[in-house]
Amino acid sequence: QLQLVESGGDLVQPGGSLRLSCAASGFTLDYHRIGWFRQAPGKGREGVACLSASDRGEYYVDSVKGRFTISRDNAKNKVYLLMNNLKPEDTAVYYCAARWAGSCPGEEYDYWGQGTQVTVSS
C-alpha cells in the first residue's frame, strides 16, 4: 500500500535523454523530501538529486549538474528526473526515495522504490 514505483528506464545512446518517473501510493509527496539515487555495477549507491519538502531547496551531485533536473507534480503525486546529455557513466539502476518533512541533501528515507534500469551505450 505504501510504496514508490519508478518507471522510464531504457537503453539510450550517449547524448540522448530520458525522463524517469516516481509514483507514490498510500501517501502524498508534497511534504516529503524526494531523493534520486543510482547504483552502477560494482559500485555503491550514490545520491544523484534531491528535492526538499515543499520545494524549499534542491541538490545535485557534481557529475550531473546542468544535465539532470528534479521536479514534482503534486496533482499527480509524482516526482520526475529529467536526464539530458546522457553519458555511459550514467548507466545504473535508479531508485527514488521519500522522507516526510526533510531537507536536502539527506540520508534518512522512509520509502524506497524497486529501481529502474538506465543503460547508456553506443
Side-chain angles (χ1 to χ4, degrees):
Q1 290 184 350
L2 304 176
Q3 62 180 1
L4 297 170
V5 179
E6 303 95 335
S7 62
D10 205 351
L11 172 64
V12 63
Q13 297 182 19
S17 297
L18 285 173
R19 189 179 74 162
L20 305 183
S21 298
C22 178
S25 61
F27 66 99
T28 57
L29 291 172
D30 60 328
Y31 202 60
H32 284 75
R33 179 183 71 208
I34 299 296
W36 282 98
F37 296 79
R38 66 186 181 187
Q39 188 165 20
K43 295 185 178 295
R45 181 170 290 176
E46 175 190 33
V48 175
C50 180
L51 185 63
S52 296
S54 302
D55 297 350
R56 296 179 66 86
E58 58 190 79
Y59 161 87
Y60 300 94
V61 69
D62 287 345
S63 61
V64 309
K65 286 181 179 178
R67 299 190 297 121
F68 290 11
T69 304
I70 188 171
S71 62
R72 187 198 313 261
D73 187 337
N74 290 328
K76 297 181 178 180
N77 206 28
K78 291 183 177 180
V79 171
Y80 305 98
L81 183 68
L82 176 62
M83 305 183 294
N84 293 320
N85 192 24
L86 284 162
K87 304 176 180 180
E89 66 187 74
D90 296 318
T91 296
V93 178
Y94 283 73
Y95 303 87
C96 65
R99 183 198 181 192
W100 183 81
S103 59
C104 293
E107 298 179 355
E108 290 280 351
Y109 286 93
D110 300 312
Y111 309 108
W112 288 86
Q114 294 299 308
T116 185
Q117 177 71 50
V118 173
T119 302
V120 185
S121 177
S122 300

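When each of Val5, Thr116, Leu4 is paired with Cys22, the side-chain contact (heavy atoms from CB on, under 4.5 Å) condition holds for Leu4 and for no other. Put simply, the residue from Trp36, Phe68, Tyr80, Tyr95 that forms a side-chain contact (heavy atoms from CB on, under 4.5 Å) with Leu20 is Trp36.
Remark: side-chain polar atoms of Thr119 are not paired, donor with acceptor, to backbone N or O of Thr91 under 3.5 angstrom. Between the side chain of Asn74 and the backbone N or O of Leu29 there is no donor-acceptor pair closer than 3.5 Å. Formation of a donor-acceptor pair under 3.5 Å by the Glu6 side chain with backbone atoms of Gln114 is found in this model. Looking at Tyr109, its side chain never comes within 3.5 Å of a backbone N or O of Cys96 through a donor-acceptor pair. A donor-acceptor pair is defined here as one N or O able to donate and one able to accept, closer than 3.5 Å; no such pair exists between the side chain of Asp73 and the backbone of Lys78. Side-chain atoms of Arg33 come within 3.5 Å of backbone atoms of Ser103 as a donor-acceptor pair (strictly under, hydrogens ignored). No donor-acceptor pair under 3.5 Å is formed between the side chain of Ser21 and the backbone N or O of Ser7.
Contact annotation: the side chain of Ile70 never approaches that of Tyr59 to less than 4.5 Å [non-hydrogen atoms, C-beta and beyond]. Put simply, the side chain of Cys104 does not reach to within 4.5 Å of the side chain of Glu58, judged on heavy atoms. In this structure the side chain of Asp10 never reaches within 4.5 angstrom of the side chain of Val12, judged on heavy atoms.
Open room surrounds CZ on Arg56; 12 or fewer heavy atoms of other groups in view lie less than 6.0 Å from it.
Transitive grouping of hydrophobic side chains (ILVMFWY, heavy atoms separated by less than 4.5 Å) keeps Ile34 and Val93 in distinct clusters. Under the 4.5 Å side-chain heavy-atom criterion for ILVMFWY residues, no single connected hydrophobic cluster contains both Phe37 and Leu81.
Under the 3.5 Å distance criterion, with hydrogens and angles disregarded, a donor-acceptor pair is assigned to the side chains of Ser17 and Asn84. For the residue pair Arg38/Tyr94, the side-chain donor-acceptor check at 3.5 Å is satisfied.
Of all heavy-atom pairs between Ala101 and Ala53, the closest is CA-CB, 3.9 Å. A pairwise comparison of heavy atoms in Leu11 and Ser121 identifies CD1-CB, 4.3 Å as the closest pair. What you find for Cys50 and Pro105 is that their closest heavy atoms are SG-CA, 4.3 Å. When every heavy atom of Gln117 is checked against every heavy atom of Ala92, the shortest pair comes out as NE2-O, 3.4 Å.
Comment: Lys87 does not engage Asp90 in a salt bridge, judged by the lack of any side-chain N to carboxylate O separation of less than 4.0 angstrom.
For the atom pair CZ (Arg45) and CD (Glu107), the distance works out to 12.0 Å, reported to the nearest 0.5 Å. Between the CZ atom in Arg67 and the CG atom in Leu82 there is a gap of 11.5 Å [rounded to 0.5 Å].
Below 30°, between 30° and 60°, or above 60°: for Phe27 and His32 the angle between ring planes is between 30° and 60°, a tilted geometry.
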